[in-house]
S.K.: 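First the structure, then my questions, so here it is.
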Amino acid sequence: MKFLRYIVLCLILLIMIFPLLWMFRVSFLPSNSGLSLINLFSMTWTLNTYLDILTAGNMVRYFLNSMLVGVIVTAGNILFCFMAGYAFARYQFIGKNFWFYSVVFVLMIPAHIIIIPLYLLIFKLGMYDSYWALILPFLVNPIGIFLIRQYINTLPASMEEAARIDGAGEFKIVFKIVMPLCKPALAVLAIQVFLTNWNAFLLPFILTSSESVRTLPVGLALYQGHQAIDWPHLMAGSALAVVPVLAAFLFFQRHIVSGITSGAVKQ
Amino acid sequence: MIKRRFSGYLFASPWIITFGIFWVYPLFYSLYLAFTDYRLMHHTYKWVGFQNFERLLSDQSFLISLKNTFIFVFGTIPATTIIALILALLIEKNFKGRAIFRSGYFIPSITSMVVIALIFTNLYSRGGYLYLLSEMIGFSTPANGFLLSNKTALFSVMAMDVWMSVGYYMLLFLAGLKSIPKELYEAAEVAGAGFFRKLFSITLPLLKPVALYIIVINTIKSFQVFVEIFVMTKGKYGSSTAVYYIYETGLSRFEFGYASAAAYLLFIIIATFSILQFRLFRRKTT
Amino acid sequence: MKKLKSVLGLFIISLCGIFVLSCGGGSNQVTLQWWHFWTDPVIKPVIDKMITDYETANPGIKIEQTGLTWANGHEKIVIAFSSGTAPDIVELGSDWVAEFSYSDNLTSMTEAVVKDTSQFLGWTPGIYNDSIYAFPWILGTRVLFLNRDLLNQAKFDEKFVPYNWSDFKQACFGVNNLSDDIFGFGSNAAEKHRLYKKVLPFFWALDGRIISENGKYAVFSSDKAYKALEYYKSLHDSCSLVDTQRRLEDAFLDGKIGAIISGDWLLKRIKNENRDINFFTTLIPGPEYPGKSFVGGEYLAVGKTSQHKDEAIKFIKYITNTENQLTFCKANYTANPSSREATEDQFFKDDPNLNVFLRQLELSRMTTPTPKWVYIEDIIETSIEEILFNEAPIAETIYEANAKIQELIKPQ
């Protein structure tokens, strides 16, 4: 029985990871090789595809663009989601409920509704096809605010009160005392924002057009449209997009999982 | 709770500004556009009332893409939910190597959709591994690969989508399972309940809130399916979906007014479904 | 008061500084922005070299290139024109010129180039309302590629060349019957911007038209369209491998397909990859004698908002001159010059395949120039897809397509 269970589990595991294994295998094939079964299991392994995409073409540029945008957006989210989350958890201000409902509201709204006006807006602001278009609209997100607010609500307010009595300024209290306490939640937030941003396609695709600001997923999707689509090269580029995700998963698995599940269990 | 109006607004301001500029304004602006004939390269545009909506309801391409969206939603969600639940039950208990299985099942769902779609484009094509596999099983494969056939293109994309997202929802189910008090099972065992008895009278009823959450977020997500279609079929072979149609009319042919109307129509449909789902589940759980 | 004066003085000095700096930096320097589609790693250095030569010969002029892709180039150009960020010089597909000249985004270059018209081919798409808006650069046509070995196996003699539809059909069926995984013809799957280019030649061979000469009426629905589609569909249904263009080419090179329609890039690929394949090229067959092919031109135009129109036109003339076109064709191993003088070159005569391309070029049609082409293309492509892949009845489908096209082009 136990043995049978393992067989079933392994079979499922194979189904789940085979496509990624296939991707890595193909990326080490010489370019223009046919993708028949024989080739895939042949002993031919080459690093040429990787050397090609690292030295010529734009894949490296796309990769760096994705990194740059990802890091800035993540940093922005850590700061701004924390600030807003703190405000909603601890301060009392006029219209607070309204603004908090706005967070929940955006959480429930399908994003497709704003792609056209957002595109036109980015245009009017003169940000079309620039890094700004990839960064500014994404600097703070409702899920992040929600997450941080929930977390701060679980913290005792006694330390802040003590500091206030000592005459510490608001900024000092918030950033020097509360923020370090929120590290676990901020880590969850950071990794989640980075991954979402790293894999994002639709908005980066419609808000930019030139290669100089193109992100990796967009570059990969458009590479496919070329006359000369070469699978080993395309898969090597795809590996560039997958490896950071796998690395992040290895190191921050706990954070990723708790970020995903925090929404569900609270229900 | 302290009253600090200034600090409150100061700290919430990044959100308030983002919300205003990138959500409220676009929402109203696209509502306005939906009633105009605005398109690029035409220098003037005017209010046309409900014309765009009338045109949509008689536009075959839109109706087909809407139909496909419904097929997508109602086809993938039950499959995804059930498979995710089964996976969660399979690896719920602690055993050797559990972490490996959990991670392995989960990995596809954090991989870039573009990459996954590219890989499956090849696997589904004639001579691709999935194609060969289905031939081996004796499945009647379309002559030109799964993505180049009206019969299979949409379903192939759906199958990939289920494969990709089950791991994600499995994690949510696992979290839900963990929150069920062990005492309940112990009490049931004392009463002599078997596996299925426990499953149907304890596990499933208590998983309802998680299931509701899963179905609601998956509905919103699935109604907006786009990337897979863009990469794999470009909406050909009867696989166009509503958001793909909005993209084509709005951002490839630049008919902003018409596309905004389509976007609002879809929005109304999604909103209706989400509300219905909440109502339905609320009644059942109480 | 004293303070105010010194602030004012500082302000004036800095203004002067900015003025001097901007003069010094840009003295007589003209920078031309050029958007084009040749990012191909083989061709890019060739174009770079042409530009360096030009910049050396014309000090004071700098050319800045931006690469576009066919996947989203049209969208990018539309956006650039409507937001006023268009470049000085832009490469356009032949079927887009009318769209942009109609929307008043291009500079008329009639006076500057009228003398050249006799020396270049393919002007039609560049002309709108009797003015020339775009200069023909590259004229890529498509011909028939056939696998000689497969034809021999199917008992066609060594000299066999299909000239007409019935020959061709026989050849395709003959090859198709060889074995289960050998196909007669490579038929395109539903790929945007590709499929209709393969079907229209059969329509044109019958002298069919989509829009009447005066541009007022849709005349797509006709017995010519019916016959062309019926013929194409019979190939598609009975003896074809259906796949994307790239995979059809792969299969052809692997010796799996008897005949495909393709462009000169396939010649280049066969050469670059040293493919061992016994193939030949020939004109696309017509109903009785060789018919028409589809030619897609690449044109150079000057944006209306350009500050340096004269310099831009001068550069266009340079890049399209005979010498540069020959350099380009030789580097690319293609036969697609727009310069008449270039077509006379020995390079094309020496190579039988390139020669076929040049002969086909004379027997080629472009799509009718109309500002609504992108929409018409969509309608035609959809109707072809419906007929080929969805078993829609031919006559009704082309009738409906015709009605939709008429709706589009009716005067507003």
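All of these numbers come straight from a predicted model, not from anything done at the bench. Proteins come first, then strands; the chains are lettered A, B, ... in the order of their sequence lines, and each starts at number 1.
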S.K.: Just to be sure I understand the criterion: a residue of residues 193-213 of chain A counts if one of its heavy atoms is under 4.5 Å from a heavy atom of chain C. Which ones qualify?
M.R.: A:Ser209, A:Ser210, A:Glu211
S.K.: Below 4.5 Å from any heavy atom of chain A, which atoms of C:Leu68 appear? Answer side chain, backbone, both or neither.
M.R.: neither
S.K.: If you count the non-hydrogen atoms of other residues, nucleotides and ligands that lie under 6.0 Å from CH2 in C:Trp38, is the total more than 12?
M.R.: yes
S.K.: What's the shortest heavy-atom distance between A:Thr49 and A:Thr46, and which atoms?
M.R.: OG1-O, 4.4 Å
S.K.: Please determine whether a side-chain nitrogen of the Lys or Arg among C:Asp264 and C:Lys268 lies less than 4.0 Å from a carboxylate oxygen of the Asp or Glu.
M.R.: no
S.K.: Any chance the rings of A:His233 and A:Trp231 have centres within less than 6.0 Å?
M.R.: no
S.K.: Tell me whether the centres of the aromatic rings in A:Phe123 and A:Tyr119 are closer together than 6.0 Å.
M.R.: yes
S.K.: Show which side-chain atoms of residues 133-141 of chain A pair as donor or acceptor with protein atoms under 3.5 Å away, not counting sequence neighbours.
M.R.:
from	atom 1	to	atom 2	distance (Å)
A:Asn141	OD1	A:Ile143	N	3.0
A:Asn141	OD1	A:Gly144	N	2.9
A:Asn141	ND2	A:Asn77	OD1	2.9

